[in-house]
Colleague: 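Got a structure here, written out as structure tokens. Questions coming.
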Amino acid sequence: MSMMGGSMILNMVLWIIVLGFVIYGIVLLISKPFEKKEDTSLQILKERFAQGEIDEQEYDDKKAKLKSEK
């Protein structure tokens with residue numbers, strides 16, 4: 001009888017873990033669309049500025065233009 005009880009407890013723990021992963025996955029899928037996503041064009045502009053391809057004045061001008069187009 002005690003072996004059967006141990007098996008039942010192990011089975012219950014396994015199902016709790018599986019259910020936890022399922023709930024975690026659902027929460028991730030639901031929260032993903034609400035994450036703040038940065039505009040890729042602005043990200044590219046930041047990278048070009050960081051690499052020294054454009055100067056600060058050009059960066060500021062292009063950034064203002066991108067933000068005004070939204």
Side-chain angles (χ1 to χ4, degrees):
M1 181 96 170
S2 68
M3 287 183 76
M4 187 175 184
S7 175
M8 287 176 56
I9 290 173
L10 184 62
N11 192 15
M12 188 169 66
V13 168
L14 178 67
W15 277 108
I16 289 172
I17 292 172
V18 169
L19 185 61
F21 277 119
V22 168
I23 291 171
Y24 179 70
I26 290 171
V27 167
L28 284 179
L29 286 174
I30 290 173
S31 67
K32 202 110 179 145
F34 298 108
E35 290 179 356
K36 184 181 177 191
K37 295 181 181 175
E38 189 171 356
D39 187 15
T40 55
S41 57
L42 190 56
Q43 182 62 34
I44 292 170
L45 183 63
K46 285 180 181 180
E47 289 173 6
R48 289 184 63 201
F49 179 62
Q51 293 173 354
E53 294 177 21
I54 57 176
D55 62 358
E56 188 174 359
Q57 180 63 39
E58 188 176 358
Y59 171 76
D60 290 335
D61 292 342
K62 291 181 186 265
K63 182 179 174 184
K65 184 164 177 82
L66 286 172
K67 292 205 178 227
S68 69
E69 290 178 358
K70 285 186 178 181

Colleague: Who are the side-chain hydrogen bond (donor to acceptor under 3.5 Å, both in side chains) partners of E53, not counting sequence neighbours?
Modeller: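 With neighbours one apart ignored, the set is R48.
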Colleague: Give, for atom CD1 of I26 and atom CZ of F21, the distance between the pair rounded to the nearest 0.5 Å.
Modeller: 14.0 Å
Colleague: Just wondering, are more than 12 heavy atoms of other shown residues or ligands nearer than 6.0 Å to CD in E56?
Modeller: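 Counting other residues, nucleotides and ligands, CD of E56 stays at 12 neighbours or fewer.
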Colleague: For residues 9-18, which side-chain N or O atoms pair as donor and acceptor with protein atoms under 3.5 Å away, sequence neighbours left out?
Modeller:
residue, atom, partner, partner atom, Å
N11, OD1, W15, NE1, 3.3

Colleague: Which other residues belong to the hydrophobic cluster containing L19, where Ile, Leu, Val, Met, Phe, Trp and Tyr are joined when side-chain heavy atoms lie under 4.5 Å apart, directly or via other members?
Modeller: I23, V27
Colleague: Out of the candidates E58, K62, K65, only one should pair with L45 under the side chain to side chain contact (heavy atoms under 4.5 Å, CB included) rule; please name it.
Modeller: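 Going through the options one by one, the only one that passes is K62.
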Colleague: Please round to the nearest 0.5 Å and tell me the distance separating atom OG of S41 and atom NZ of K46.
Modeller: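 Interatomic distance, S41 OG to K46 NZ, rounded to 0.5 Å: 10.5 Å.
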